[in-house]
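Contents: one structure, followed by commentary.
Only a predicted model underlies this, so the values are computations on that prediction, with no experimental measurement involved. Reminder, nothing fancy here: chain letters follow the sequence lines and each chain counts from 1.
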2 protein chains.
Amino acid sequence: MAVKSNGLALASRRVLSDVVTDDLRDAILSHDLEPGIRIAEDGLAIQLGVSRGPVREALLRLEREGLVTIERHKGARVASWNETDIEEIYSMRKVLEVLAFEWACKYATAEDLLAMEEVLDRYFKLTEKQRTPKEVSKLDLEFHSAVFVAAHHERLNKTWEILRSQIHALLVYTWSKDEKINKTYLPLWGTDHREIVEVIRGKQMKKAKTLILTHIDRGQQRTTKHFAEKPLPKQISSEG
Amino acid sequence: MAVKSNGLALASRRVLSDVVTDDLRDAILSHDLEPGIRIAEDGLAIQLGVSRGPVREALLRLEREGLVTIERHKGARVASWNETDIEEIYSMRKVLEVLAFEWACKYATAEDLLAMEEVLDRYFKLTEKQRTPKEVSKLDLEFHSAVFVAAHHERLNKTWEILRSQIHALLVYTWSKDEKINKTYLPLWGTDHREIVEVIRGKQMKKAKTLILTHIDRGQQRTTKHFAEKPLPKQISSEG
DNA sequence: GCACTGTTGTTTGTTAACAATTGTACCTCT
DNA sequence: AGAGGTACAATTGTTAACAAACAACAGTGC
């Protein structure tokens, strides 16, 4: 019923809990569900036309992704963010990306490099109008994910996927209100990434490390700035 | 029924899925369940006297911990290990521990340092007979966990807990057969840890980094060696 | 003998009902 | 009026039955 089999039959069979997980993640990352808001199992189940079982599983998975918090006997809420979260997320990101670049320098295949360039191409082909914060940050994360894939490091990739969701949510959150600031920053990313591809191709591990660190630092400063400027949304009162 | 309420009532109410998770984790980490072995939901549920719901949740959690692998419509198996896993685990461990030490140098409280020394004390008070691989590695991991706690970094701690389980399982696996090798190595750990505490107390971040890296390297070499020497157990035939 | 197919049994995925816990509103008593 | 307690409502935790997918095997046709 809630199975949206668009056209062709899916290769790896999707199961209801997968569908619910993806739907819910999309709802959170598209800011349909604001941070702090309560998610009742039954309500969501009815809304999606499924039973509570798959919904429970989905909430557990999203909790591990850091998009949702669960309290015993009290249920789930959409995760909310503060300055500490930014510090934690970006400090984690730095060490993970450095490791990813080291391994990518060692193990990246020709296909991996091609995949990275493909994302890069899509970025440069964006028209001025398409160059929205949402679209650009989506491509940015896609590029970095391509680097992690190139690292061929299973555990590192799993950890990155979790952090990626949180970064995504954080960006959506900080950018949800003001659309003007981005124009001055965004164009920089493309050239950064182009340089990164070449460094990996040349297996210049030392250079890769400094390059990625400054690249991420820029992102962190931007995010911190936006976060500070952002007017706090109506706090969910049922917090204390 | 399966609720083992030993004496006093637990502070934070434990729920069935928690009990199942812990029981199953113990069974895996104590090598009662060997790597590769199949875990049927129904069987485990009956064995523990609960229904399949909590068992499913437990399996999901242990999958995220990396102790169990789940295949769609095919069920769960106890995770098994190879040389690649060792490389992945220890490369992750290095970057996580370095980050933990940086943050611990910055944010460790007096209580945190005390907690570390308490673990250290228990190590040095072990009698010759108590100094088994199992006991020593348990204390080793406990010490490192204390450092992560001292870092006061929520996401880093969560990631470490996952990796810690895997390291634990890996150690149990490599040491499951031969008990003789350890005697020559084990005594080193205590002095390493003692030095580590002092470095954190003195907030010597640079020194902490090199110290922890050589410390972990030793562990990796030992594990790799044991793993290579270990005779492969009877492969679970239902693999291919 | 070998490939194919239908059947059967086992296991996971899903559902709906039941039990237990938490939060709230109202009532009573001091 | 305020403190405390009781009943009620809402929500999560748990269970058992049902549906769907997968795996093994016997039987059929070539």
Side-chain angles (χ1 to χ4, degrees), chain A residues 1-5 8-24 33 36-64 67-79 236-240, chain B residues 1-5 8-24 33 36-64 67-79 236-240:
Chain A
M1 41 174 65
V3 183
K4 48 177 177 184
S5 62
L8 66 160
L10 294 326
S12 64
R13 220 163 221 58
R14 272 160 64 90
V15 94
L16 268 186
S17 58
D18 294 338
V19 177
V20 176
T21 306
D22 291 345
D23 282 2
L24 192 52
L33 295 173
I37 214 169
R38 176 74 188 288
I39 305 174
E41 291 178 3
D42 207 35
L44 184 58
I46 292 172
Q47 192 175 327
L48 296 179
V50 301
S51 71
R52 279 175 52 215
V55 171
R56 257 181 101 80
E57 276 197 31
L59 287 173
L60 276 179
R61 289 190 205 164
L62 291 175
E63 187 199 22
R64 108 170 150 190
L67 296 185
V68 152
T69 59
I70 297 179
E71 275 183 301
R72 187 107 329 138
H73 286 292
K74 290 192 183 172
R77 288 180 183 282
V78 176
I236 308 301
S237 56
S238 56
E239 198 65 66
Chain B
M1 38 177 67
V3 184
K4 46 177 177 185
S5 61
L8 68 161
L10 294 326
S12 63
R13 221 163 216 58
R14 273 162 62 90
V15 94
L16 270 186
S17 57
D18 294 338
V19 177
V20 176
T21 305
D22 291 345
D23 282 2
L24 191 51
L33 295 173
I37 214 168
R38 176 76 187 288
I39 305 174
E41 291 178 3
D42 208 34
L44 184 57
I46 291 172
Q47 191 174 328
L48 296 178
V50 301
S51 71
R52 279 175 52 216
V55 171
R56 259 181 98 81
E57 277 196 31
L59 288 173
L60 276 179
R61 290 190 206 162
L62 292 175
E63 187 200 21
R64 108 171 148 189
L67 296 185
V68 152
T69 58
I70 297 180
E71 276 183 302
R72 187 100 339 131
H73 283 133
K74 290 192 183 174
R77 288 181 183 281
V78 177
I236 308 300
S237 56
S238 57
E239 198 66 66

Value in whole Å for how far the C1' atom of D:dT15 lies from CG of B:Leu48: 15 Å
Over how many whole Å does the gap from B:Leu16 atom CG to D:dT12 atom P extend? 18 Å
Distance check needed: D:dT12 C1' versus B:Glu57 CD, whole Å only. 10 Å
To the nearest angstrom, how far is B:Leu59 atom CG from C:dT12 atom P? 9 Å
Position toward the 5' end of DNA chain C (nearest nucleotide), B:Ile70 or A:Arg52: B:Ile70
Without decimals, in angstroms, what is the distance between A:Glu71 CD and D:dA10 P? 21 Å
Would you say B:Arg14 places a side-chain N or O within less than 4.0 Å of OP1 or OP2 belonging to C:dT21? no
Just N and O in the side chain of A:Arg72: are any of them under 4.0 Å from OP1 or OP2 of C:dT21? no
Salt-bridge test for B:Glu71 and B:Arg77: reply yes if a basic N is under 4.0 Å from a carboxylate O, no otherwise. no
Round to the nearest Å and state the distance from A:Glu63 atom CD to D:dT12 atom C1'. 14 Å
A:Glu41 versus A:Val55, closest heavy-atom pair with distance: O-CG1, 3.9 Å
Residue B:Arg56, side-chain heavy atoms: nucleotide from C:dT11, C:dG13, C:dT15 that is nearest: C:dG13
So what does B:Gly75 hit on the nucleic acid, given a heavy-atom distance under 4.0 Å: a base, only sugar-phosphate, or nothing? sugar-phosphate
Look at A:Arg38 and D:dA10 and indicate whether a side-chain polar atom (N or O) is within less than 4.0 Å of OP1 or OP2. no
Yes or no on side chain to side chain contact (heavy atoms under 4.5 Å, CB included) for B:Leu24 and B:Leu48, after CA distance, side-chain angles and deciding distance? CA-CA 10 Å; B:Leu24 191 51; B:Leu48 296 178; over 6 Å; no
Atom CG of B:Asp42 to atom P of D:dC22: distance rounded to whole Å? 19 Å
Can you name the closest pair of heavy atoms from B:Val50 and B:Val20 and give their distance? CG2-CG2, 4.2 Å
Candidate nucleotides D:dA17, D:dC22, C:dT15, ranked by approach to the side chain of A:Ser51 - the nearest: C:dT15
The side chain of B:Val15 lies closest to which of these nucleotides: D:dA23, C:dT14, D:dT14? D:dT14
Of the candidates C:dG13, D:dG13, D:dT11, the side chain of B:Glu41 sits closest to C:dG13
Interatomic distance, A:His73 NE2 vs D:dT14 C1' [rounded to whole Å]: 11 Å
Trace of the salt bridge (charged side-chain N to carboxylate O under 4.0 Å, His left out) decision for B:Asp22 with B:Arg61: CA-CA 10 Å; B:Asp22 291 345; B:Arg61 290 190 206 162; over 6 Å; no
So if I take every side-chain heavy atom of A:Val50 and compare against D:dT14, D:dT11, C:dT15, which nucleotide ends up nearest? C:dT15
Considering just the side-chain nitrogens and oxygens of A:Lys74, establish if one lies under 4.0 Å of OP1 or OP2 belonging to C:dG23. yes
Nearest of C:dT12, D:dG13, D:dT14 to any side-chain atom of B:Ser17? D:dT14
